[in-house]
**Q** 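Sharing a structure with you now.
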Amino acid sequence: WYNQTLIRVGDVLVRLGVMQGEFHWHRHDEQDEFFYLLQGEFNIELEGSDTVVLMPNQAFSVPAGMLHRPVVPVRSAVIMIENAGIVATGD
């Protein structure tokens, strides 16, 4: 898992993630989390819901307070947009 901040725009960070595998279940109580898939396949498991499957050029925003975890079956590149105060590993 690689996570690099590309730029800060006001109070928002634009990050590039290159990842494969499973991340732990977590939530961001005060902030939404936005994902835009550049390449690969990116699955987001949501507590009590279906899994969101992103293919290249698709996006999804996890609402604040929702328990979720990324599961990435192949090496993938994703753009994430988050508030600057977010803890990258979840609250």
Side-chain angles (χ1 to χ4, degrees):
W1 291 78
Y2 170 79
N3 187 350
Q4 175 68 45
T5 298
L6 300 176
I7 192 167
R8 182 178 178 143
V9 181
D11 291 334
V12 175
L13 298 177
V14 179
R15 294 183 169 148
L16 170 66
V18 178
M19 51 197 71
Q20 182 175 358
E22 298 179 1
F23 201 63
H24 64 274
W25 285 95
H26 66 285
R27 78 177 96 240
H28 306 283
D29 290 328
E30 304 295 325
Q31 314 176 53
D32 297 339
E33 187 173 20
F34 175 83
F35 298 94
Y36 178 81
L37 187 64
L38 298 172
Q39 68 181 76
E41 180 182 335
F42 194 85
N43 302 322
I44 306 169
E45 293 181 355
L46 304 171
E47 180 183 45
S49 295
D50 295 329
T51 297
V52 175
V53 178
L54 297 180
M55 300 307 286
N57 301 314
Q58 292 182 324
F60 183 77
S61 183
V62 177
M66 178 170 280
L67 191 63
H68 65 284
R69 78 172 183 151
V71 177
V72 188
V74 298
R75 186 175 185 270
S76 300
V78 62
I79 293 291
M80 296 167 285
I81 300 175
E82 309 167 320
N83 288 345
I86 200 165
V87 177
T89 57
D91 296 339

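All values reported here derive from a predicted model rather than from experimental measurement.
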**Q** Report the relative orientation of the aromatic rings in His26 and His28; use parallel for angles under 30°, tilted for 30 to 60°, perpendicular for over 60°.
**A**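 Ring orientation, 0 to 90° scale: perpendicular.
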**Q** Of all heavy-atom pairs between Asp32 and Ser61, which one has the smallest distance, and what is that distance?
**A**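 Shortest heavy-atom contact: CB-OG, 3.8 Å.
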**Q** Tell me, do Val14 and Ile7 make a side-chain contact under 4.5 Å, heavy atoms counted?
**A**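 Of all side-chain heavy-atom pairs linking Ile7 with Val14, at least one is under 4.5 Å.
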**Q** In Å and rounded to the nearest 0.5 Å, what is the CZ to CD distance from Arg27 to Glu47?
**A**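 If I round to the nearest 0.5 Å, the distance is 6.0 Å.
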**Q** How close do Ala77 and Leu16 get, counting heavy atoms only, and between which atoms?
**A**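 Nearest heavy atoms, Ala77 then Leu16: CB-CD1, 4.4 Å.
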**Q** Can you confirm whether Ile79 sits close enough to Leu6 that some side-chain heavy atom of one is under 4.5 Å from a side-chain heavy atom of the other?
**A** yes
**Q** Does a side-chain heavy-atom distance below 4.5 Å link Phe60 with Leu46?
**A** yes
**Q** Where do Asn57 and Tyr36 land on the side-chain contact (heavy atoms from CB on, under 4.5 Å) test, with the steps shown first?
**A** CA-CA 7 Å; Asn57 301 314; Tyr36 178 81; 2.9 Å; yes
**Q** Assess the residue pair Gln58 and Phe42 against the criterion (side-chain contact (heavy atoms from CB on, under 4.5 Å)); give the C-alpha distance rounded to whole Å, side-chain angles, the decisive distance to 0.1 Å, and a yes or no.
**A** CA-CA 10 Å; Gln58 292 182 324; Phe42 194 85; over 6 Å; no
**Q** Tell me the closest heavy-atom pair linking Phe35 and Met80, and the distance in Å.
**A** CD2-CG, 3.6 Å
**Q** Applying a strict under-4.5 Å side-chain criterion to I, L, V, M, F, W and Y, I'd like to know whether Val78 and Val52 cluster together.
**A** yes
**Q** Of all the heavy-atom pairs spanning Glu41 and Val72, show the shortest one and how long it is.
**A** O-CG1, 3.4 Å
**Q** How many angstroms lie between atom CZ of Phe34 and atom CD of Glu82, to the nearest 0.5 angstrom?
**A** 11.5 Å
**Q** To the closest 0.5 Å, what do you measure between OG (Ser49) and CD1 (Ile44)?
**A**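 The CD1 atom of Ile44 is 12.0 Å from OG of Ser49, to the nearest 0.5 Å.
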**Q** Kindly compute the distance separating CD1 (Ile81) from CG (Leu13), expressed to the nearest 0.5 Å.
**A** 10.5 Å
**Q** Measure the OG-CD distance between Ser76 and Gln20 for me, rounded to the nearest 0.5 Å.
**A**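 Spacing of OG (Ser76) from CD (Gln20) equals 7.5 Å.
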**Q** For residues Leu37 and Gln39, report the shortest heavy-atom separation together with the two atoms involved.
**A** CD1-O, 3.3 Å
**Q** Search all heavy atoms of Phe23 against all heavy atoms of Arg69 and return the closest pair with its distance.
**A**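 Minimum heavy-atom contact is O-CD, 3.4 Å.
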